[in-house]
Amino acid sequence: MITENEYLIAQMKLNELRRQRPRLARAYSELEQELKQTPETLQQLRLLFTKLQKITMAGIALHPDVANLEPLLNGLQLSEETITFWRSRLAKELPQGRLRSDLIYIFGALLEEWVHEKTQRTKPDLAETEISTRLLDAACQPTESSPDLAFLDELFAERALKGKDIATRFQVSAKTVLRARITTNELNEVLTHLSVSPFRSATIHRQAKHFLQDSVMCKEMADAFSIQLTHLDEWNWPDAGVKLFPLWTMSKWRLFISYDLFTMCFLEILGTRLQDTFQAFQSVERAQRDEYLLALLKEPSEDEDEVLFQQILDQYRLAENDVWINLLSHPNLPLTFKDLKEFFKRSAYTSSIVAVRQLLREKIQHASTTLEGYESRRKVDGMRYTLQFINAEIQTARVAFPDHPFYVLKLDIKDFYPSLPHDFLIAILERYGFSSSDLAFFRTFLEVQVQRVDEQTSIRRGVPLHHRFSNALGEMVLDLLDQHVLRSARVQVIRLVDDICILTPDADEAVKAWQAAQEFCQRTGLTLNQEKCGAVCIGGSLPEQLPAALPSWLLIKLNEQGVWQVDMEAFATYQEQARQQVLRHPSLLTQIEAYNLHVQYLIRATAMDSDFGEVHRKSIDVVATQFHQAFFGEGQGIVQAIHQTIRERFLDNDMSITLPEAWFYWPITAGGCGLTLSLITASSYAEQWADEEKKTIPTKLTVAWQRRVNDWSNFYSSHINHVEMKAPATTPGMEVLVNDFIYRSNELGYRGQRTLGPYWRWIVYIYGPQILEHLGTFRFLNTELVPLHIILQQDQYALGSDASDTSSQEDLF
């Protein structure tokens with residue numbers, strides 16, 4: 001958000017840059033002519049020394065290092081070698097100075113163009129208007145069929161425990177969700193999130209930061225919220241309704257709502273409470289399942305009691321989500337009923353497969369429930385853990401049971417959040433024990449009042465996107481889906497929001513799980529997205545009832561050999577979408593910003609930081625190269641396109657001006673374009689991956705292979721490790737440049753910079769010498785000449801943020 005005063009300051013500096021450029025061009029040209037007409041070396045040195053010191057831009061010297069040669073020029077009898085050296089050294093200042101002045105002008109022009117874009121009231125984009133209308137029309141249509149409440153009652157009845165239904169148990173902790181006083185700590189946590197969320201406007205960012213700096217106003221707001229809670233059933237959306245805007249979320253258009261900070265904080269705090277309560281309840285339910293399993297193990301029985309035997313197996317499978325338990329009768333694992341009971345009485349070791357599996361499940365469940373879109377993903381990347389979890393299961397299955405087929409089924413619910421039926425959500429909340437007053441509030445929250453031309457209308461289906469209430473409500477629905485699939489089939493479920501993976505060594509169970517998922521959607525008003533569903537059998541034949549397409553997540557897919565690789569067809573589609581989104585923006589800096597976000601998404605969508613094997617790594621190299629070198633088509637990469645546009649817009653197609661390649665990758669805070677180089681990121685991950693210690697393949701399979709710390713647990717855990725970017729080997733000479741680079745960053749006032757991440761170290765090491773060769777210094781950006789406050793708004797180009805930081809506006813579902 002650029003204020004009026006910031007805009008005026010920027011314009012004064014940028015206008016001065018524009019006026020100074022022709023004067024500087026004349027000064028350098030005149031100096032070159034004089035130099036040609038001066039025959040003697042010493043006279044040339046004196047001319048260069050004198051004139052270069054006088055070349056300034058807006059009163060700022062452009063050659064501050066031309067100094068301290070007075071003894072040479074005042075009669076000191078030095079050797080011809082020294083005079084010749086300094087004459088050559090100062091002669092280099094001519095092209096370097098000319099290029100510095102050109103780059104400062106271009107940099108200013110880029111900023112001016114960016115400022116103009118950000119301060120202009122843009123005309124409504126026809127395509128976006130049509131998209132918004134289409135999405136709103138769909139949201140205002142009620143669900144075609146009513147949810148099957150008998151089916152819902154059946155699911156909830158199954159979860160009764162010790163004579164207590166789920167509502168009674170849930171309300172033990174949920175009774176204060178919508179009624180307890182709101183604290184300033186709760187408000188500060190939400191304000192901190194809103195101040196950086198990419199799904200909130202610059203106005204919300206600024207207002208949230210303002211409240212965070214004012215403890216008195218925070219307390220006042222928290223008190224006002226607590227008063228609002230006493231009249232919760234009277235709460236409603238703002239009288240004027242909320243505003244709608246479409247947003248491209250890396251793979252599709254989504255409809256978001258915008259409203260005031262007060263309402264936003266109030267709803268986010270209550271949503272956080274519901275999230276926390278639901279997560280805690282799920283943990284309690286897991287513990288209660290474990291207790292039930294222990295109770296079964298204590299029952300007296302005979303070896304031939306197959307019913308109890310199967311009960312124990314099923315309860316263990318549900319408690320620890322283990323499909324291999326059904327293979328304990330495998331010839332390699334002879335096991336009596338007595339052994340089984342003794343075995344399960346022992347706790348699993350903390351680093352065993354069972355323990356690691358449970359830890360991964362908790363991380364993914366947390367990511368699903370608290371999906372916030374920004375800060376949380378820096379800490380827990382749900383998709384990365386999901387894919388590594390799936391891969392660990394697949395690779396372990398291939399080694400433990402090489403002669404046994406393994407089935408992988410990927411499911412996706414079509415437009416999950418936008419299509420959630422309101423009646424179904426209210427029915428779920430009712431069965432969790434919320435009162436009629438609470439349900440009235442929830443229904444008001446769901447029926448968002450929106451502005452539409454000159455009238456208001458109500459949302460009839462779906463939930464507000466990237467809202468904590470919505471995340472919790474969505475997880476309540478999907479938790480029931482998990483339950484129905486697991487009660488219908490002996491499978492393992494790994495799920496991140498509505499990206500659902502089903503694993504099993506049994507073809508019949510895979511079919512049952514597929515049918516159960518279809519039944520759940522049919523009876524609850526949801527729809528499976530057939531285009532995103534896929535299945536594969538590793539080591540066998542795929543049943544014809546299952547989807548024929550290969551399973552895929554984001555931009556990678558899994559084949560019949562259990563090998564991961566980039567889905568080239570999906571990548572081609574994505575690159576075309578990315579190209580269109582970049583070209584939508586009028587200013588080059590905004591195009592670069594959009595491109596960089598797509599690079600961050602590409603890193604994440606191809607699982608660049610995961611160890612999925614050599615084929616996967618080679619396919620990453622292919623797409624990273626194509627994304628950089630052919631972003632605008634064969635033979636026209638992103639750098640060539642930006643270079644050509646700069647010539648056309650700012651240099652009148654002057655072919656005599658050559659812009660160094662390094663400048664395009666140099667950070668914007670140091671005067672460059674800040675373009676992210678995907679090839680460096682891919683290469684750094686690849687080098688680190690190649691250096692990783694190779695996995696030791698276990699050979700001996702025992703009854704306790706998943707519950708003990710052994711070769712199997714080490715093998716399993718080795719597939720969960722993240723691949724870090726490899727940093728360049730340090731050299732004394734280059735570290736001097738790195739330190740100067742860091743010092744310059746602090747000098748600009750950007751942040752307390754102490755070090756550089758691997759990505760920026762590669763940039764300095766590879767392109768720093770080129771910058772010095774062409775420009776003579778890293779300090780070619782004079783902040784007195786350019787609007788520093790505008791540069792510092794470009795958070796995406798922070799020196800402390802590596803290109804491997806994948807926090808962005810990606811769409812997970």
Side-chain angles (χ1 to χ4, degrees), residues 306 309-335 340 343-344 348 352-354 356-358 360-361 386-411 482 484-495 500-517 533-548 550-551 558-564 697-707 710-713 715-716 719:
E306 293 297 329
F309 184 90
Q310 193 57 56
Q311 275 186 300
I312 293 174
L313 292 183
D314 285 343
Q315 285 302 316
Y316 175 79
R317 177 175 56 82
L318 291 172
E320 298 188 357
N321 223 304
D322 177 16
V323 294
W324 298 115
I325 190 64
N326 293 302
L327 291 181
L328 281 179
S329 57
H330 191 276
N332 295 337
L333 300 172
L335 188 69
L340 174 67
F343 171 59
F344 287 132
S352 67
I353 291 177
V354 167
V356 173
R357 189 181 281 144
Q358 182 58 36
L360 288 170
R361 196 166 301 284
T386 298
L387 291 172
Q388 291 177 351
F389 191 178
I390 294 168
N391 183 56
E393 294 291 332
I394 292 171
Q395 304 310 323
T396 302
R398 295 176 68 190
V399 174
F401 303 98
D403 300 327
H404 205 289
F406 194 63
Y407 299 86
V408 181
L409 177 61
K410 161 67 188 308
L411 308 179
D482 292 346
H484 183 56
V485 170
L486 289 171
R487 73 173 183 165
S488 304
R490 294 172 181 170
V491 296
Q492 180 181 10
V493 176
I494 299 176
R495 177 179 59 78
I500 306 157
C501 180
I502 295 172
L503 306 174
T504 179
D506 191 308
D508 291 339
E509 300 301 320
V511 173
K512 289 178 185 177
W514 168 245
Q515 293 170 341
C533 292
V536 68
C537 177
I538 302 169
S541 300
L542 189 70
E544 61 181 14
Q545 299 97 318
L546 298 181
L550 293 176
L558 181 72
N559 67 17
E560 296 86 348
Q561 288 75 44
V563 174
W564 298 87
I697 306 298
T699 55
K700 187 179 179 180
L701 201 64
T702 65
V703 170
W705 71 290
Q706 294 191 88
R707 300 178 66 83
N710 50 30
D711 289 344
W712 289 102
S713 62
F715 179 77
Y716 186 93
H719 291 89

A.B. asks: If you measure from CD on Glu509 to CG on Leu503, what distance do you get to the nearest 0.5 Å?
C.D. replies: 13.5 Å
A.B. asks: What is the distance from atom OG1 of Thr504 to atom NZ of Lys512, rounded to the nearest 0.5 Å?
C.D. replies: 9.5 Å
A.B. asks: Enter the distance from Leu701:CG to Asp711:CG here, rounded to the nearest 0.5 Å.
C.D. replies: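 It comes to 11.5 Å.
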A.B. asks: On a heavy-atom basis, which atom in Ala513 and which in Val491 lie closest, and how many Å separate them?
C.D. replies: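 Residues Ala513 and Val491, closest heavy atoms: CB-CG1, 4.0 Å.
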A.B. asks: Can you measure from CD1 (Ile500) to CG (Leu411) and round to the nearest 0.5 angstrom?
C.D. replies: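 Answer rounded to 0.5 Å: 5.5 Å.
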A.B. asks: Checking Thr396 side chain against Glu393 main chain: does a donor-acceptor pair fall under 3.5 Å?
C.D. replies: no
A.B. asks: Checking the side chain of Trp712 only, and the main-chain atoms of Ala400 only, is there a donor and an acceptor separated by less than 3.5 Å?
C.D. replies: no
A.B. asks: Can you find a pair of side-chain heavy atoms, one from Thr386 and one from Cys501, that are under 4.5 Å apart?
C.D. replies: no
A.B. asks: Could you tell me whether a side-chain N or O of Asn391 sits under 3.5 Å from a main-chain N or O of His719, the two making a donor and an acceptor?
C.D. replies: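 Not at all, since once roles are kept as given, no pair shorter than 3.5 Å links the two residues.
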A.B. asks: Without swapping roles, check the side chain of Arg398 against the backbone of Gln561 for a donor-acceptor pair under 3.5 Å.
C.D. replies: yes
A.B. asks: Which atom pair, heavy atoms only, marks the closest approach of Val511 to Pro543?
C.D. replies: CG2-CB, 3.8 Å
A.B. asks: Between CD of Gln545 and CG of Asp508, what distance do you get to the nearest 0.5 Å?
C.D. replies: 8.5 Å
A.B. asks: Could you point out which residue of Ile394, Leu550, Leu546 forms a side chain to side chain contact (heavy atoms under 4.5 Å, CB included) with Val536?
C.D. replies: Leu550
A.B. asks: Which atom names give the shortest non-hydrogen contact between Ser352 and Gln706, and what distance separates them?
C.D. replies: CB-O, 3.4 Å
A.B. asks: Say you draw a straight line from CD1 of Ile494 to CG of Leu360; how long is it, rounded to the nearest 0.5 Å?
C.D. replies: 8.0 Å
A.B. asks: What residues, two or more places apart in sequence or in another chain, satisfy ring pair (Phe, Tyr, Trp, His ring centres under 6.0 Å) together with Phe406?
C.D. replies: Trp324
A.B. asks: Hey, does Ser713 have a side-chain heavy atom less than 4.5 Å from the side chain of Trp705?
C.D. replies: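 No, their side chains stay 4.5 Å or more apart.
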A.B. asks: What residues, two or more places apart in sequence or in another chain, satisfy side chain to side chain donor-acceptor pair (under 3.5 Å) together with Tyr407?
C.D. replies: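 In terms of side chain to side chain donor-acceptor pair (under 3.5 Å), with neighbours along the sequence ignored, Tyr407 is linked to no residue.
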A.B. asks: Under the ring pair (Phe, Tyr, Trp, His ring centres under 6.0 Å) test, which residues partner Trp564, sequence neighbours left out?
C.D. replies: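 Here the qualifying residues are Trp553, Phe612.
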A.B. asks: Taking C-beta and beyond as the side chain, do Phe715 and Ile353 meet within less than 4.5 Å on heavy atoms?
C.D. replies: no
A.B. asks: Find out whether Arg357 and Phe389 are in side-chain contact, i.e. whether some heavy atom of one side chain is under 4.5 Å from a heavy atom of the other.
C.D. replies: yes
A.B. asks: Do Arg495 and Arg361 make a side-chain contact, defined as non-hydrogen atoms from C-beta onward lying under 4.5 Å apart?
C.D. replies: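 With C-beta onward as the side chain, the pair stays apart.
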A.B. asks: Looking at side-chain heavy atoms only, is the closest gap between Cys533 and Trp514 below 4.5 Å?
C.D. replies: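 Yes. Closest side-chain heavy atoms under 4.5 Å.
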A.B. asks: Taking all non-hydrogen atoms of both residues, which atom of Pro547 and which atom of Gly534 are closest, and how far apart?
C.D. replies: CB-CA, 3.9 Å
A.B. asks: When you check the gap from the basic side-chain N to the acidic O, do Arg490 and Asp506 get nearer than 4.0 Å?
C.D. replies: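 No, Arg490 and Asp506 are not salt-bridged.
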